[in-house]
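Take a look at the structure set out below.
Because only heavy atoms are used, hydrogens play no part in the values below, and waters and symmetry mates are left out as well, while side chains stay in. Labels below follow one simple rule: chain letters A, B, ... track the order of the sequence lines, proteins then strands, and each chain is numbered from 1.
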2 protein chains.
Amino acid sequence: MGNGRVTVVDIAKAAGVSKSTVSLVLQGSPLVNEATRAKVTAVMRELGYVYNRGAANLRQSGANSKIIGVVVNDLTNGFFAELAVGVDMVVQSAGFVQFLANTSENLDRQREVIASMREHGISGLIVSPARGTKASDLKPLVAAGIPVVVAVRQVPGAKVSSIVSDNHDGLFAAVRHLVALGHRRIAFLGGFRDTAVFMERLQGYRDAMAGCDLTPDEALVIDAGPSRAGGFDAIGRALALADPPTAAVCFNDAVAFGACDGLRAAGIEPGKDFALIGFDDVIEAKTAVPALTTISVDPQGMGRRAAQLLLKQISAGKPEAEAIVASVRLVVRESCGAPATPETAQAPQAG
Amino acid sequence: MGNGRVTVVDIAKAAGVSKSTVSLVLQGSPLVNEATRAKVTAVMRELGYVYNRGAANLRQSGANSKIIGVVVNDLTNGFFAELAVGVDMVVQSAGFVQFLANTSENLDRQREVIASMREHGISGLIVSPARGTKASDLKPLVAAGIPVVVAVRQVPGAKVSSIVSDNHDGLFAAVRHLVALGHRRIAFLGGFRDTAVFMERLQGYRDAMAGCDLTPDEALVIDAGPSRAGGFDAIGRALALADPPTAAVCFNDAVAFGACDGLRAAGIEPGKDFALIGFDDVIEAKTAVPALTTISVDPQGMGRRAAQLLLKQISAGKPEAEAIVASVRLVVRESCGAPATPETAQAPQAG
DNA sequence: CTGTTAGCGCATTCAA
DNA sequence: TTGAATGCGCTAACAG
């Protein structure tokens with residue numbers, strides 16, 4: 001029945017030893033008699049003692065708090081939830097705990113949570129930054145010698161480690177794939193133009209189109225929210241064009257799902273009458289649309305790598321983190337054999 | 001250029017006052033001269049001072065750490081991610097921060113993270129328990145006077161507040177709805193039998209079936225993982241029955257999505273040739289399958305309510321939390337006009 | 001209104 | 001091997 005707060009002195013008293021001895025037992029020091037250690041641990045269990053990391057951390061000059069902060073821009077998005085899970089895995093395994101906050105793309109909130117985390121003495125930070133995050137937002141952290149790794153989105157001038165997917169090459173490969181299948185009118189659907197990720201992917205799209213001697217048509221680039229609803233909207237606008245596409249590569253899987261919904265609503269079967277490729281790997285993408293080709297970036301793996309990167313920096317005690325960019329491998333998982341020519345696409349068309 | 005760690009004495013020295021004065025400024029005390037307060041805050045900003053909550057908390061006898069722990073059984077599931085987001089909202093607004101951990105349904109890990117959270121001095125805990133969680137797992141917390149609220153799943157003998165959805169009535173209503181549409185062979189798909197949630201929902205299903213004079217057929221109760229893959233599997237087994245169902249209510253939305261996939265794979269259009277109802281509210285359920293009827297329980301709202309419940313207990317300083325059960329309202333959002341009789345099911349569509 | 005003193009729970013010297 | 005001091009950064013009492 002451990003009621004109130006039990007401290008080392010309490011258990012020292014009860015075990016008939018001094019506080020220091022208890023402290024040594026706590027950190028598994030080999031300098032303590034096995035018999036006394038057993039007695040101490042027994043008393044600890046009996047009295048319901050709980051280690052006070054705050055106090056310990058305070059004494060150790062605030063070095064390692066064993067807590068790492070994780071801030072994501074949208075936990076509602078399966079991708080970022082998986083990312084957080086990946087981080088959590090290695091963080092927990094390393095004996096750390098995770099301070100997780102969701103910013104909902106809100107810069108003010110992001111500032112708040114990061115400040116709050118600093119007050120709690122995080123020993124490192126992993127952040128999937130909100131749109132518009134500037135290097136100055138991360139500056140105080142690195143100035144204080146707190147390791148920071150940025151994931152998913154890059155922050156322009158920040159001197160921190162980062163891990164992002166190879167957006168350009170991923171989209172480049174996707175477009176080449178579609179062209180190889182015979183498609184010539186290929187749309188790029190979804191995403192916000194003011195993000196670096198969008199521009200990188202768009203550039204991959206454009207480069208691939210240009211490399212295949214396809215006439216660039218800006219009307220085929222349709223930005224929309226990076227969500228299912230956005231995809232639904234985007235495909236609708238695409239199909240409404242005078243010269244609609246026969247294939248599309250989507251900003252992410254959520255958009256691709258929405259595009260599937262939209263195609264079905266228009267009486268077009270995705271993967272059969274229309275080729276679709278999605279970027280990113282939201283939960284269980286393969287069962288969502290069996291015929292959907294995806295460029296996969298494993299969010300959990302990304303989270304794990306980010307965490308490993310951070311832990312390495314923490315243990316290295318490196319004050320200023322170098323700017324390391326780790327590319328994630330992109331792979332086309334399934335082949336999508338959609339017909340390409342206008343003749344085959346004309347059948348049940350719903351212009 | 002705030003380099004090393006700046007403390008109150010540093011800023012006191014720089015501002016030409018004493019530590020206490022700085023402390024008073026920190027907590028916004030009205031007992032300090034406006035001029036000195038301005039000077040102190042200016043120096044704080046200049047030196048890049050960061051408040052050390054650990055030390056403050058230590059001095060205050062470990063009362064309020066301003067951190068609340070959140071443990072969920074599966075952050076990969078959109079429902080729980082949304083739940084965490086809901087919690088985060090009110091927690092952040094109240095000036096607290098969230099310690100979030102994912103247990104992946106692992107009891108050992110759950111014990112670990114809860115222990116870790118205690119060491120860090122959480123002032124409250126919200127937990128969506130892993131399968132098999134026993135009251136004894138929460139006992140130490142309540143014994144230590146730490147408020148705990150259990151969400152989503154109940155823990156049998158635990159003397160803690162809890163917030164769960166009205167599983168029985170939700171499923172009861174769903175079945176009645178399908179019966180009203182003319183269905184008689186109604187399956188119950190997905191979920192694990194060893195959870196209280198499953199049994200409650202199953203009981204609702206059975207009670208509704210019995211109330212409608214429908215012969216109970218245990219073959220129509222098909223358990224499977226509460227995931228998209230599980231739903232895909234379950235519907236496959238259902239359709240393979242000698243006397244297959246014409247409608248189904250699913251354990252959750254993920255299962256329902258999987259069931260949709262399975263139906264389509266079998267050439268059956270969900271919401272047209274087969275009526276489907278999903279429980280729970282995963283992200284953007286409405287766009288996933290336009291015709292899918294859902295029993296909705298808003299996970300974010302649930303998270304918010306859980307957090308409010310917890311904060312109330314924290315502020316009330318209530319040592320032993322009473323067992324409060326808060327029901328969540330369940331609503332059928334859309335009507336699903338699926339044909340019921342075998343005769344109409346063979347025609348393309350029936351009025 | 002501001003300065004002084006004294007710990008919060010722990011780990012780290014130093015002696016014994 | 002173990003016990004007695006000391007201080008981490010901060011707040012809570014009282015003094016001035």
Side-chain angles (χ1 to χ4, degrees), chain A residues 2 4-41 43-44 47-67 116 118-123 144, chain B residues 2 4-41 43-44 47-67 116 118-123 144:
Chain A
R5 30 181 76 8
V6 183
T7 79
V8 280
V9 292
D10 294 325
I11 87 112
K13 213 171 302 181
V17 295
S18 85
K19 315 144 205 185
S20 325
T21 308
V22 178
S23 184
L24 290 179
V25 172
L26 246 29
Q27 46 197 133
S29 170
L31 295 77
V32 62
N33 192 321
E34 200 52 46
T36 42
R37 147 171 286 124
K39 168 132 201 175
V40 168
T41 49
V43 174
M44 290 201 311
L47 293 227
Y49 169 76
V50 293
Y51 184 77
N52 186 334
R53 268 182 204 282
N57 180 44
L58 178 59
R59 180 65 183 82
Q60 292 170 177
S61 195
N64 59 334
S65 63
K66 284 301 185 185
I67 118 171
S116 177
R118 283 203 67 188
E119 293 187 356
H120 282 278
I122 53 171
S123 44
Chain B
R5 24 181 81 343
V6 184
T7 79
V8 280
V9 293
D10 295 325
I11 87 112
K13 212 170 302 181
V17 296
S18 86
K19 316 139 205 191
S20 325
T21 309
V22 178
S23 183
L24 289 178
V25 172
L26 247 27
Q27 46 199 130
S29 169
L31 296 78
V32 61
N33 191 321
E34 201 52 45
T36 42
R37 146 171 289 125
K39 168 131 201 176
V40 168
T41 49
V43 173
M44 290 201 312
L47 295 224
Y49 170 76
V50 294
Y51 185 76
N52 186 334
R53 267 181 205 282
N57 180 44
L58 176 60
R59 184 62 183 84
Q60 291 172 179
S61 196
N64 58 333
S65 63
K66 283 304 185 184
I67 117 172
S116 177
R118 282 203 68 188
E119 292 188 356
H120 281 278
I122 54 171
S123 44

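- Taking every side-chain heavy atom of A:Leu31 into account, D:dT1 is the closest of D:dT1, C:dT2, D:dC10.
- Atom CZ in B:Arg37 sits 9.5 Å away from atom CG in B:Leu31 (nearest 0.5 Å).
- A:Thr7 is not listed as a side-chain neighbour of A:Asn52, based on a closest heavy-atom distance of 4.5 Å or more.
- Put simply, CE on B:Met44 is 17 Å from P on D:dG9, counting in whole angstrom units.
- For the pair B:His120 NE2 and C:dG9 C1', the interatomic distance rounds to 15 Å; values are reported in whole Å.
- Residue-to-nucleotide contacts include no donor-acceptor pair under 3.5 Å from the side chain of B:Arg59 to the base of D:dG9.
- Listed here is the closest heavy atom pair of B:Ala12 and B:Ser18: CB-C, 3.7 Å.
- B:Lys19 is linked by a side chain to side chain contact (heavy atoms under 4.5 Å, CB included) to B:Val9, counting only residues two or more places apart in sequence or in another chain.
- The side-chain contact (heavy atoms from CB on, under 4.5 Å) test with B:Ile11 singles out one residue from B:Leu26, B:Thr21, B:Val6, and that residue is B:Val6.
- B:Tyr51 OH to A:Ser116 OG: the interatomic distance, rounded to the nearest 0.5 Å, is 11.5 Å.
- Side-chain contact check for A:Val8 versus A:Tyr49: some heavy-atom pair is nearer than 4.5 Å.
- Following rounding to the nearest Å, A:Lys39 (NZ) and D:dT2 (P) show an atom-to-atom distance of 13 Å.
- The nearest heavy atom of DNA chain D to B:Val9 and to A:Thr21 marks one nucleotide each, and the one closer to the 5' end goes with A:Thr21.
- Between A:Ser23 and C:dA11 there is a side-chain polar atom (N or O) within less than 4.0 angstrom of OP1 or OP2.
- The structure places CD of A:Glu34 at 8.0 Å from OG1 of A:Thr36, a figure rounded to the nearest 0.5 Å.
- For B:Leu58, counting side-chain heavy atoms from C-beta on, the closest listed nucleotide (C:dG3, D:dG9, C:dC10) is D:dG9.
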Convert the base pairs of DNA chain C into dot-bracket notation, remembering that pairs crossing earlier ones are written with [ ] and that bases paired across to another strand are shown as |; include only Watson-Crick or G-U pairs under 3.5 Å. |.||.|||||||||||
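- The two residues A:Lys66 and B:His120 make their nearest non-hydrogen contact at O-NE2, 4.3 Å.
- Distance B:Asn52 CG to D:dC8 P: 12 Å, rounded to the nearest Å.
- Taking only side-chain atoms of B:Val17, from C-beta outward, the nucleotide of D:dC10, D:dT2, C:dG3 with the closest atom is C:dG3.
- Within the nucleic acid shown, B:Val22 has no heavy atom closer than 4.0 Å to any nucleic acid atom.
- Nearest-nucleotide positions on DNA chain C for B:Gly16 and B:Ala55 put B:Gly16 closer to the 5' end.
- When rounded to the nearest whole Å, the span between CD1 of A:Ile11 and P of D:dG3 equals 12 Å.
- Between B:Ser18 and the phosphate of C:dG3, there is a side-chain N or O to OP1/OP2 separation shorter than 4.0 Å.
- If you measure from atom CD of B:Glu119 to atom P of C:dA11, you get 11 Å, rounded to the nearest angstrom.
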Name the pairs: protein N/O against N/O of nucleotides 13-16 of chain D, kept only if under 3.5 Å.
none

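- Considering only side-chain atoms of A:Tyr49, the nucleotide from D:dT2, C:dC10, C:dG3 that sits closest is C:dC10.
- With D:dG9, D:dT2, C:dT2 as the candidates, the nucleotide lying closest to the side chain of B:Val8 is D:dG9.
- For B:Leu24 and C:dT2, the CG to C1' distance is 9 Å, given to the nearest whole Å.
- The distance from atom NZ of A:Lys19 to atom P of D:dT1 is 22 Å, rounded to the nearest whole Å.
- Minimum atom distance to the side chain of B:Leu26 is reached by D:dT11, of the listed D:dC8, D:dT11, C:dC10.
- Which of D:dC10, C:dG3, D:dA12 sits closest to the side chain of B:Gln27 comes down to D:dA12.
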